[in-house]
*Asks:* 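Handing you a structure now.
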Amino acid sequence: MKKAEPKHKRLISFTVNGDDIEVEISASDRLIDVLRNKLRLTGTKEGCGIGECGACTVLMDGAPVNSCLVPAFQAEGSVIETVEGLDASGKLHPLQEAFVEHTAIQCGYCTPGMLMSALALLREHPEPTREEITRAISGNLCRCTGYHQIIAAIEDASAKMKTTE
Amino acid sequence: MSSFTVVNHPISRIDATTKVTGRAEFADDLAFDRMLYGQVLRAKYPHAKILELDTRKAEEAPGVAAVITYADISGAQAIGPVRPDMPIFVSTRTMYLGDAIAMVVAETPEIANRALDLIRVEYEELPTIFDVEEAVSEGALQLHKDYPGNIVNHYPLRKGNVEEGFKASDVILERTYTTQLIEHAYIEPEAAVAVPGSVDGNVTIYGSIQNPFTARRHVAQVLGVSLNRVRIIQCAMGGSFGGKDDVVSAVCARAAVAALKTGRPVKVVYTREESLIESYKRHPYVMKYKVGATRDGRLLAMEIYILADAGPYSSMTPFVTWRSVVQATGPYEVPNVKTDVYGVYTNNTYTGAMRGFGSPQIIFAQESLMDELAKELGMDPLEFRLKNAFKQGSVTASGQVLDEHTVSLMNVIKKATEAIGYSEKQRAYAKNKTARGKVRGVGFAASYRGVSLGAEGVDAAGALVSVQPDGSVYLHSGLAENGQGLKTIFSQIAAEELGCRFEDIVFMDTDTSVIPDSGATVASRSTTMGGSAVRDAAKKVREVLFGVAAELLNAPHEEITAAGGKMYVNEDPARCVDFRDVARAAYGKGQLMAALGWYQAPKVSWDEKTGQGKAYFTYVYGCQVAEVEVDCDTGQVKVLKVVAAHDVGRAINPATVEGQIYGGVTMGMGYGILEEVELQDGVTKTRNFDEYLIPTSMDVPEIVPIIVENPDSYGPYGAKTIGEPTCELLAPAIANAVYNACGKRIRRLPLDLERVLLGYSLRAARGKRGSEQA
């Protein structure tokens, strides 16, 4: 996708992984551009630019969004969570641990977006069915894994998060 | 249980933590001071003369540092693995829509993008050729004057006498099968950053590069410098599947030319649309098979004629089609064979390496044909195949006797078909005929596959193991991680052989300045070739450490063993010393604790005229069975369950082997029912994932992997291969299952709604809809 010409600049403020951020943006900036280029949070990936592959999935006020489709100015006042926030405590999140244990990763490019979709699901439905998991990650394309080990990892993380509560 | 400590265990991937935390560095994640951004201008027409190219206005635009064209290249204008026919920038003639004409380099990607519109190109459209049969016909337009008949290459294979074979046959069947153009669809598009070095002519390139040594060779050729002036460091790769080879060499070369011209780092990152338009794809094949058999089901003769659409550049076509000629008859004993495979130049998007590499096409044909022939003979497809299947000592179409490894074809076929209850289901579903609603079917396909490059070319690889004074280990390899798990597998082999702890190994990203040229990470050769090199290096270092341990333990050298971070006396494991202490002691004694390992493939042979020879030094065998549901009202095929049995020799890591099977089966399903890059008169119509559909989590069926282990005499610990065989079998298994379900035989991939419901596609070509029908 060709990007439009930047015209106007303005300051916006929002929260990213718990930090209050103030950043100058152009009218044509997308949320993914701000995250990756301005804040250097490069864990969020771009794969298609049209909201089809889900590699750029982040949580915006708790809901998974394709950050390539969100104009940056819409992030004003919102709470954004990216993959970098998952282990902010210094310890891997149970979802991350499960992905490691289940070999739910190959090239790893879809992984951050996949994790964010899974996180949104588990917050909404702590004990999802296999069908709910499959549906929740259906907007995240993976070309390597065939999804099986990813689904198993999310199931396992759900079980582990329940027992540690 | 396994007699190994590290190998043969489902250990977590060594790169897993960096990947789940978002810290893994992919090429587009890198940033350098004063970095510029390159944007490529591509052809407007698939075949046109360039009358005039004017870049002045773009060069003058504010924020533009340079516009690069063919005129900026001092070395080779064109590259290619076999034949240097793919220009980095076209100068006089475009040959397909993805051809690059110029690259704007600017302060931001946006400025570069806008400046593309300021470049003026004047074209004169030329006649085009998009159909392979037309391309090889008498009087056809010639795309390359040195290659008459538009023939890229021709591989004949002759065994026995097919005329006599057909004469003696009771049943003869002639069928044509065709396959489509498909895209690798790695989720990370092409990306590289070139950083000019401090010495003239030096450049370092970081990128999403499948084959660092290939990219280095091509960049050096284009710059006109020696190999040691170009350093390639591979970044984490967001998928490749054979796809980040030639096209990425071109990306690297353009970035390097621009970096040296501007004296600044230059990053080039493609959008999905650019990737789909420019990058090479899987070859579409037209395959004419004639087969003869006796009434009781013994294959007597096969005559095969194949045209592979190469697009305008040779790329890997000579290698891809070579694998096809070797394996075209499938894993069956056929006494009389005549095969001719041709690569053909056209103005379609060029084609090259993609996971499977000339096998998915021919397996679709031959395994559909086996079912069709069984039906003609009134035999059960399974019984018919088993009657002709390779067994120990069988002779292949190229005259190779299969006696140096376990020929496990029957075993994998039986395991896979029994696991799904093929025979009972096949009989039951065949009876259940209805033209409406949803019906089920089951089908399978089997294959044999040569491991590594075979007689394609030089086959050797290297690895460097370096134990540090504290017992931690660096591992370098000439073959590179593509996402498949190479770093993990190689580290397991190093840990097993050294006896150190797996977690004490750090695998360094492949760097062409550190490790010898090991060829390309292709042909599912990494575990066999690179793994053997790692083992060789580790063994050399271990011998040194054993000598030191023997002194520390006061025991003879030959009685020392190492495992799990300890070195101990064989007969008395209590007498042990920590691996780290041995390393410390060895360092203190001034011992060399690093070694370069090297592995050369066993000898193979090929006669270009007869297609006879020992094509590969070993083979793997696989069988996949699919159970499907066909909606007779819509033509939709839903794959319900897949069983995939693969002989891998030895599973170095069963979890990553399963990962390869899940992923390969899914990719094979996409090939079978979903995917097709649509070209209309050479113009790419499917430009992003909204139109080019790859399987989502909602599409994948239940997949049951069955790992079969028959240790090989060559690969490390008997390991062979798994990457490619997993994705070559499902399309024909689905086609056979669809026939079983509804009696429709589809001989053209993919089995999408239109082909299943109507028998042809409604897609437009040459300005007409439903052109396949006409």
Side-chain angles (χ1 to χ4, degrees), chain A residues 1-6 26 28 36-37 40-55 82-84 86-87 92-93 95-97 99-112 115 133-151, chain B residues 10 12-13 15-26 28-31 108-110 113-114 116 184-189 236-241 269 271-273 482-485 653 655-656 658-667 688-690 694-700 702-703:
Chain A
M1 294 299 286
K2 291 194 175 175
K3 294 165 199 167
E5 184 176 345
S26 305
S28 62
R36 286 183 53 85
N37 303 336
R40 296 293 299 148
L41 293 170
T42 55
T44 301
K45 305 300 180 196
E46 179 161 2
C48 72
I50 61 165
E52 285 289 332
C53 79
T82 71
V83 69
E84 286 89 350
L86 285 179
D87 64 335
L92 290 185
H93 186 278
L95 266 169
Q96 291 172 309
E97 275 179 359
F99 270 56
V100 173
E101 279 169 28
H102 287 265
T103 316
I105 309 139
Q106 287 188 33
C107 82
Y109 200 75
C110 75
T111 308
L115 284 164
I133 295 172
T134 304
R135 191 169 293 279
I137 60 164
S138 64
N140 295 82
L141 294 178
C142 172
R143 189 60 156 170
C144 300
T145 67
Y147 306 100
H148 278 254
Q149 287 154 310
I150 293 174
I151 294 167
Chain B
S12 292
R13 287 178 63 115
D15 52 358
T17 303
T18 61
K19 285 178 174 174
V20 295
T21 52
R23 289 202 304 271
E25 279 197 320
F26 294 83
D28 191 24
D29 301 340
L30 302 180
T108 70
E110 293 77 19
N113 222 327
R114 269 178 287 136
L116 291 179
H184 307 78
Y186 24 78
I187 307 297
E188 175 206 34
M237 285 196 76
S240 183
F241 318 108
V269 178
T271 62
R272 179 60 52 189
E273 289 82 358
N482 284 187
Q484 78 282 47
N653 186 323
T656 61
E658 286 182 359
Q660 287 297 307
I661 294 177
Y662 292 130
V665 164
T666 303
M667 197 177 266
N688 208 322
F689 290 133
D690 53 342
I694 65 170
T696 72
S697 58
M698 304 283 281
D699 301 311
V700 292
E702 179 190 355
I703 299 171

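Convention: sequence-line order gives letters A, B, ...; per-chain numbering from 1. The figures here come from the full heavy-atom set of this structure, side chains too, leaving out hydrogens, waters and symmetry mates.
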*Asks:* Tell me whether Arg36(A) is salt-bridged to Asp29(B), with the criterion being a basic N under 4.0 Å from an acidic carboxylate O.
*Replies:* yes

*Asks:* Please name the pair of heavy atoms, one in Val83(A) and one in Val20(B), separated by the smallest distance, quoted to 0.1 Å.
*Replies:* CG2-O, 3.4 Å

*Asks:* With a 4.5 angstrom heavy-atom cut-off, which part of Asp699(B) approaches chain A: side chain, backbone, both or neither?
*Replies:* neither

*Asks:* Which residues satisfy the side-chain contact (heavy atoms from CB on, under 4.5 Å) test with Ala16(B), sequence neighbours excluded?
*Replies:* Val100(A), Ile105(A), Arg13(B)

*Asks:* Where is the tightest heavy-atom contact between Tyr147(A) and Pro695(B), given as atom of each residue plus distance?
*Replies:* OH-O, 2.8 Å

*Asks:* Taking side chain as everything from C-beta outward and backbone as N, CA, C, O, which of these in Met237(B) sits under 4.5 Å from a heavy atom of chain A? Side chain, backbone, both or neither.
*Replies:* backbone

*Asks:* Which heavy atom of Gln106(A) sits nearest to which heavy atom of Gln484(B), and what is that distance?
*Replies:* OE1-CA, 4.4 Å

*Asks:* Can you tell me how far CZ of Arg272(B) sits from CD of Glu46(A), rounded to the nearest 0.5 angstrom?
*Replies:* 10.0 Å

*Asks:* Is a donor on one side and an acceptor on the other found under 3.5 Å between the side chain of Asp690(B) and the backbone of Glu52(A)?
*Replies:* no

*Asks:* Go through the atoms of Ser697(B) and report whether side chain, backbone, both or neither lie under 4.5 Å from a heavy atom of chain A.
*Replies:* both

*Asks:* What pairs with Phe99(A) under ring-ring contact (aromatic ring centres under 6.0 Å, His included), at least two apart in sequence or on another chain?
*Replies:* none

*Asks:* Which atom pair, heavy atoms only, marks the closest approach of Phe26(B) to Gly108(A)?
*Replies:* CZ-C, 4.0 Å

*Asks:* Closer than 3.5 angstrom, by distance alone: can the side chain of Gln149(A) be matched with the main-chain N or O of Ala655(B) as a donor-acceptor pair?
*Replies:* yes

*Asks:* What are the two closest non-hydrogen atoms of Tyr109(A) and Gly238(B), and how far apart are they?
*Replies:* CB-CA, 3.7 Å

*Asks:* I need the Leu86(A) CG to Thr21(B) OG1 distance, nearest 0.5 Å.
*Replies:* 9.5 Å

*Asks:* With respect to Ile187(B), which candidate in Cys107(A), Cys53(A), Cys144(A), Cys142(A) satisfies the side chain to side chain contact (heavy atoms under 4.5 Å, CB included) definition?
*Replies:* Cys53(A)

*Asks:* Of all the heavy-atom pairs spanning His184(B) and Arg143(A), show the shortest one and how long it is.
*Replies:* O-NE, 2.8 Å

